[in-house]
Amino acid sequence: MRDMILKAVAQPPKLFWGPVLPTAINAGIQVPLMFMAVGVGSVNPLLFVVSIISCHIAIVLAGAKEPHLSTMIQAFGQTNKVSTNLYKERGNKFEP
């Protein structure tokens, strides 16, 4: 069991060589926009394919620099909540 935990921490999951969450967000935003633009405005889908690939390359490069990018995005979403402090102090203290 210890090996599974170390492997998950040392090697975060990847999707086409990029961190999972930013890659999924990229595809989840750009692919529907491509279909809407092709359907409504008769736009050439090759423009969107080039955009998807160039953004994915940027995500892969950012993921190479910081492999835990997906975890950092998830942690930011969890810590961006407003908490009520038990004691009068400035800022969020994350006290129960």
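Residue numbers run from 1 in the order of the sequence given. This one's a predicted model, so the numbers in the text were calculated from it and none came from an experiment.
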Notebook entry, point to check: Do the side chains of L15 and V60 join up, straight or via other hydrophobic residues, at under 4.5 Å, putting them in one cluster?
Noted result: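 Yes, L15 and V60 fall within the same hydrophobic cluster.
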Notebook entry, point to check: Are I73 and V20 linked, directly or through other ILVMFWY residues, by side chains that come within less than 4.5 angstrom of each other?
Noted result: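 No, no single cluster joins them.
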Next item on the list: Heavy atoms only: give me the nearest K14-G63 pair and the separation to one decimal.
Entry: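 Minimum heavy-atom contact is NZ-O, 4.2 Å.
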Item checked: Closest contact, heavy atoms only, P22 versus L69 ->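 Closest pair (atom of P22, atom of L69, distance): CG-CD2, 3.9 Å.
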Can you give the donor-acceptor pairs under 3.5 Å from side chains of residues 27-54 to other protein atoms, not counting sequence neighbours?
{"unit_1": "Q30", "atom_1": "OE1", "unit_2": "S51", "atom_2": "OG", "d": "3.2"}
{"unit_1": "Q30", "atom_1": "OE1", "unit_2": "I52", "atom_2": "N", "d": "3.2"}
{"unit_1": "Q30", "atom_1": "NE2", "unit_2": "N26", "atom_2": "OD1", "d": "3.1"}
{"unit_1": "N44", "atom_1": "OD1", "unit_2": "L46", "atom_2": "N", "d": "3.2"}
{"unit_1": "S54", "atom_1": "OG", "unit_2": "V50", "atom_2": "O", "d": "3.1"}
{"unit_1": "S54", "atom_1": "OG", "unit_2": "S51", "atom_2": "O", "d": "3.0"}

